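The sequence lines fix the lettering, A, B, ..., with proteins before strands; numbering per chain opens at 1. Every value quoted in this text rests on a predicted model; they were computed, and no experiment measured them.
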Protein chains: 2
Amino acid sequence: MPTLAEIAKLAGVSPAVVSRVVNKDKTLRISKETLERVQEIVRESGYTANRAARSLRSTETGLIALVVHDVTNPVYGEITKGANAAAAAAGKAILISDASGGDEGTARLMELVSGRGIDGLVLQADQSLSDQVLARAARENVPTVLLQAELGDGMPAVVLPDKEAARLGTRHLIDRQHKAIGCLATAEGLSFTENRIEGWRAALSEAGLPCNDSLVRYSLPTIEDGRRAMEELLKMQPDISAILCCNVVSALGAMAAARDLGRRIPEDCAIVAIHDIPMADFVFVPLTTVEMPLYELGRVAIEQLMTPAGASGRETLVVSKAPRLIHRASS
Amino acid sequence: MPTLAEIAKLAGVSPAVVSRVVNKDKTLRISKETLERVQEIVRESGYTANRAARSLRSTETGLIALVVHDVTNPVYGEITKGANAAAAAAGKAILISDASGGDEGTARLMELVSGRGIDGLVLQADQSLSDQVLARAARENVPTVLLQAELGDGMPAVVLPDKEAARLGTRHLIDRQHKAIGCLATAEGLSFTENRIEGWRAALSEAGLPCNDSLVRYSLPTIEDGRRAMEELLKMQPDISAILCCNVVSALGAMAAARDLGRRIPEDCAIVAIHDIPMADFVFVPLTTVEMPLYELGRVAIEQLMTPAGASGRETLVVSKAPRLIHRASS
DNA sequence: CAGGAATGGTAAAACGAATTACCAAGCTGG
DNA sequence: CCAGCTTGGTAATTCGTTTTACCATTCCTG
């Protein structure tokens with residue numbers, strides 16, 4: 001772990017020269033011999049600049065924090081992968097955290113934001129977290145991008161073609177002659193939830209089918225809550241013959257509920273879920289899904305973060321790759 | 001984003017006082033009024049120490065890098081959660097990366113290690129990554145813990161009770177009267193692979209059943225490769241009536257292969273997989289699994305990282321929570 | 001009332017790299 | 001032969017904290 005000064009001493013030059021050589025300063029005039037001598041010593045000593053010192057001067061850390069709800073959810077994993085790749089390409093590393101850190105984790109994140117520990121923040125909105133953290137980030141001028149959430153107050157965001165996806169899935173069910181199509185939505189109040197419900201509604205209206213609010217039920221993106229919501233929905237609306245499930249994880253719970261209520265899938269209850277994951281093909285009834293560009297979502301979020309503010313024109317960026325329906329046995 | 005000096009000016013004291021107040025320096029003698037005035041200004045200005053400056057002095061960054069194979073794999077997600085919680089409790093944040101960053105990602109990681117960008121490294125061994133990174137970490141004195149891998153050269157490691165788990169799963173199959181039990185192992189050469197094979201072998205010997213190497217087949221922990229390996233195994237050893245699958249993800253591929261070869265599960269081919277994930281219950285035939293303490297693995301890895309070197313006594317630490325068999329329809 | 005001990009702080013030197021302004025020596029042109 | 005340019009660098013400041021050593025006062029105490 002040599003320092004600049006040590007390298008400089010070895011090479012018989014000043015630290016300034018070493019620094020400028022390492023950073024390829026074009027304005028540095030230097031003789032070929034000195035240059036090569038310095039480079040040689042840098043190479044064989046394996047010198048790497050101390051990050052703390054570099055950050056202190058430059059006010060850049062090379063770190064981007066990515067906050068998602070749940071790292072065990074494969075949907076978020078795919079987003080993470082995209083973000084990771086984009087960040088690596090830009091010379092940044094990703095610092096990931098999720099809600100599982102609890103208050104300690106949140107405190108850690110706040111410290112990171114406040115103390116200029118990160119160059120940027122990609123945040124999947126979450127009621128409790130967002131308010132505090134966003135306020136801090138704004139105050140500290142830490143560039144921030146929201147993932148799958150539009151707050152509307154000029155905050156940059158990256159979203160998926162949610163309405164499209166929901167419409168596509170619903171249309172598929174309509175094409176298969178279903179008349180009473182329910183919607184198992186994600187958590188109430190989130191903008192992407194609303195967008196998906198809107199897509200479902202749009203498809204139904206276009207086909208002249210009924211679509212009132214009693215066909216909608218909210219659920220968290222977990223298996224247990226999907227099961228609960230589906231049970232309630234099927235009991236209150238027994239005529240339903242098909243379901244658009246806005247999250248692939250809650251879809252698993254929903255399928256279990258349908259089965260346990262004696263419904264055959266897809267004969268008595270067809271199911272289409274949003275987001276494709278490899279597992280979908282291995283469910284007890286292989287699940288028809290609408291694939292969304294999750295990897296791109298992660299990638300674009302990072303790219304958006306790094307374009308100078310306002311340069312992109314739009315505050316909310318929709319990942320443009322179109323959703324795609326993958327037909328399996330559940331419909 | 002005030003600095004120490006600014007706070008000091010506002011409070012009419014020296015920066016040293018502010019620093020020592022913020023860090024609760026017990027040796028600081030200070031009047032009640034001054035203390036409260038400083039605290040008040042710190043609080044209302046929302047002062048947080050600049051991380052780069054702090055790191056520069058203290059040579060601690062508060063960051064720990066966690067490198068796993070694949071963040072979309074729910075098995076690793078659970079490990080990440082445990083690590084996250086333990087790290088947060090210790091005032092550290094987790095910097096996660098996986099192989100998806102490619103060479104860029106590796107380069108980023110190397111920079112982090114070399115430049116004292118992290119306080120510690122938890123690494124899931126991977127041939128290509130390990131050699132370079134481990135060498136660097138050793139040279140830079142960055143504490144390192146290996147996840148599920150024993151290199152044997154004094155490198156601290158944290159492992160699961162792999163042999164136990166494999167034996168438990170195999171014994172379950174033996175109890176159900178299976179005589180020809182194959183083993184779908186994970187990647188060849190890794191220590192945990194060997195341990196699981198050993199557990200499988202032990203259970204068979206104890207029961208006086210045959211166990212030669214032709215009953216073992218290696219596969220990567222992906223669905224596709226699990227399918228390939230299972231196909232080969234069943235074609236070469238058609239007598240096999242049960243399989244211990246060392247990875248739950250490849251088990252999905254294996255089940256698909258068995259089904260496609262006309263075998264009913266569990267009648268013609270029973271399957272037990274190692275690692276329980278929520279999805280296991282939703283597979284086309286619900287999967288019997290051996291649950292392992294993944295969350296604890298992550299947690300212990302971080303704790304091990306933070307105990308002073310050698311203080312734990314043992315270099316390789318086995319997470320002690322016992323594996324548990326979860327019986328479902330596949331066996 | 002002198003000498004020592006509390007009290008309530010402060011000054012200054014790190015930490016390691018980046019950067020700007022500057023400088024000495026050698027060369028060139030008029 | 002000397003003004004000015006080029007070549008090949010260097011000195012010194014800055015980033016924001018932490019920490020150690022130190023210093024004035026005031027307060028006892030014998």
Side-chain angles (χ1 to χ4, degrees), chain A residues 1-39 41-42 45-62 91 111-112 114-119 140-141, chain B residues 1-39 41-42 45-62 91 111-112 114-119 140-141:
Chain A
M1 35 160 188
T3 69
L4 252 195
E6 286 163 19
I7 302 280
K9 195 158 294 177
L10 284 179
V13 295
S14 72
V17 168
V18 182
S19 174
R20 297 173 71 184
V21 165
V22 169
N23 297 320
K24 306 202 198 319
D25 179 348
K26 286 296 169 195
T27 72
L28 169 65
R29 289 180 313 237
I30 194 176
S31 70
K32 207 167 199 308
E33 302 93 69
T34 313
L35 174 65
E36 282 168 0
R37 182 159 33 91
V38 171
Q39 285 177 330
I41 294 180
V42 165
S45 70
Y47 170 76
T48 312
N50 178 297
R51 301 207 118 219
R54 193 194 281 257
S55 298
L56 182 54
R57 274 248 28 179
S58 69
T59 66
E60 294 208 345
T61 63
E111 262 177 41
L112 237 31
S114 307
R116 302 221 75 81
I118 53 176
D119 295 343
E140 302 286 338
N141 282 321
Chain B
M1 32 158 191
T3 68
L4 252 195
E6 284 163 20
I7 303 278
K9 194 158 292 177
L10 284 178
V13 294
S14 72
V17 169
V18 182
S19 174
R20 298 174 69 185
V21 166
V22 169
N23 297 321
K24 307 202 198 319
D25 179 348
K26 286 297 169 196
T27 73
L28 171 64
R29 290 181 311 240
I30 193 176
S31 70
K32 207 165 199 302
E33 302 93 69
T34 313
L35 174 65
E36 282 169 359
R37 182 159 34 91
V38 171
Q39 285 177 331
I41 295 180
V42 165
S45 70
Y47 169 77
T48 313
N50 178 296
R51 301 206 118 220
R54 191 193 282 255
S55 299
L56 183 54
R57 274 261 10 190
S58 67
T59 65
E60 293 209 345
T61 62
E111 263 177 40
L112 237 32
S114 308
R116 302 221 75 82
I118 52 177
D119 295 342
E140 302 286 338
N141 282 322

**Prompt:** If only side-chain N and O atoms of B:S58 are considered, is one of them under 4.0 Å from the OP1 or OP2 phosphate oxygen of D:dT17?
**Reply:** no
**Asked** At under 4.0 Å, does any side-chain N or O of B:R54 touch on OP1 or OP2 of D:dT18?
**Response** yes
**Fill in**
Of B:A53 and B:L28, the one whose nearest nucleotide on DNA chain C sits closer to the 5' end is B:L28
**Asked** For A:L4 and D:dA11, what is the distance between atoms CG and P respectively, to the nearest whole Å?
**Response** 15 Å
**Request:** Round to the nearest Å and state the distance from A:N23 atom CG to C:dA17 atom C1'.
**Result:** 9 Å
**Item:** Distance, rounded to the nearest Å, where A:K24 contributes NZ and C:dT19 contributes C1'
**Value:** 18 Å
**Request:** Determine the contact category for B:V13: base if any of its heavy atoms lies under 4.0 Å from a base atom, sugar-phosphate if only primed atoms, P, OP1 or OP2 are that close, otherwise nothing.
**Result:** sugar-phosphate
**Asked** If you take atom types as modelled and just measure distance, does the side chain of B:R20 reach the base of C:dT10 with a donor-acceptor pair under 3.5 Å?
**Response** yes
**Below 4.0 Å: OP1/OP2 of C:dG9 and any side-chain N or O of B:S31** = yes
**Asked** Can you check the B:K9 NZ to D:dT17 C1' distance for me, whole Å?
**Response** 16 Å
**Asked** Between B:Y47 and D:dT17, is there a side-chain N or O to OP1/OP2 distance below 4.0 Å?
**Response** yes
**Asked** Under a 4.0 Å N-O cut-off, is there an ion pair linking A:R51 with B:E111?
**Response** yes
**Message:** Just to be sure I understand the rule, does A:S55 reach a base, reach only the sugar-phosphate, or reach nothing, if contact means heavy atoms closer than 4.0 Å?
**Reply:** nothing
**Prompt:** For A:V22, which contact category applies under a 4.0 Å heavy-atom criterion: base, sugar-phosphate, or nothing?
**Reply:** nothing
**Request:** Return yes if the base of C:dA17 and the side-chain atoms of A:R57 contain a donor-acceptor N/O pair under 3.5 Å, otherwise no.
**Result:** no
**Request:** Mind calculating the distance between CD (B:E33) and C1' (C:dG9) to the nearest angstrom?
**Result:** 13 Å
**Message:** Tell me whether B:D119 contacts the main-chain N or O of B:G62 through its side chain, where contact means a donor paired with an acceptor under 3.5 Å.
**Reply:** yes
**Message:** If I take atom CG in residue B:D25 and atom C1' in nucleotide D:dT18, what distance separates them, rounded to the nearest angstrom?
**Reply:** 10 Å
**Message:** By the 4.0 Å heavy-atom rule, please label B:A16 as base, sugar-phosphate, or nothing.
**Reply:** base
**Asked** Separation of A:E6 atom CD from C:dG16 atom P, in whole Å?
**Response** 8 Å
**Prompt:** Per the atom types in the model, does the base of D:dT17 pair as donor or acceptor with the side chain of B:R51 at under 3.5 Å?
**Reply:** no
**Prompt:** Is any side-chain N of the basic residue among A:E36 and A:K32 closer than 4.0 Å to the acidic one's carboxylate O?
**Reply:** yes
**Request:** Please state how far atom CZ in A:R29 lies from atom P in D:dC5, giving the value in whole angstrom units.
**Result:** 13 Å
**Request:** Please tell me which of the listed nucleotides, D:dT10, C:dG16, C:dT10, lies nearest to the side chain of A:S14?
**Result:** D:dT10
**Fill in**
For B:T61 and B:S55 the tightest heavy-atom approach is CA-OG, 3.7 Å
**Request:** Indicate yes or no: at least one non-hydrogen side-chain atom of B:I7 is less than 4.5 angstrom from one of B:V42.
**Result:** yes
**Message:** Using the rule side-chain contact (heavy atoms from CB on, under 4.5 Å), only one of A:V17, A:V18, A:D25, A:N23 pairs with A:V21; which is it?
**Reply:** A:V17
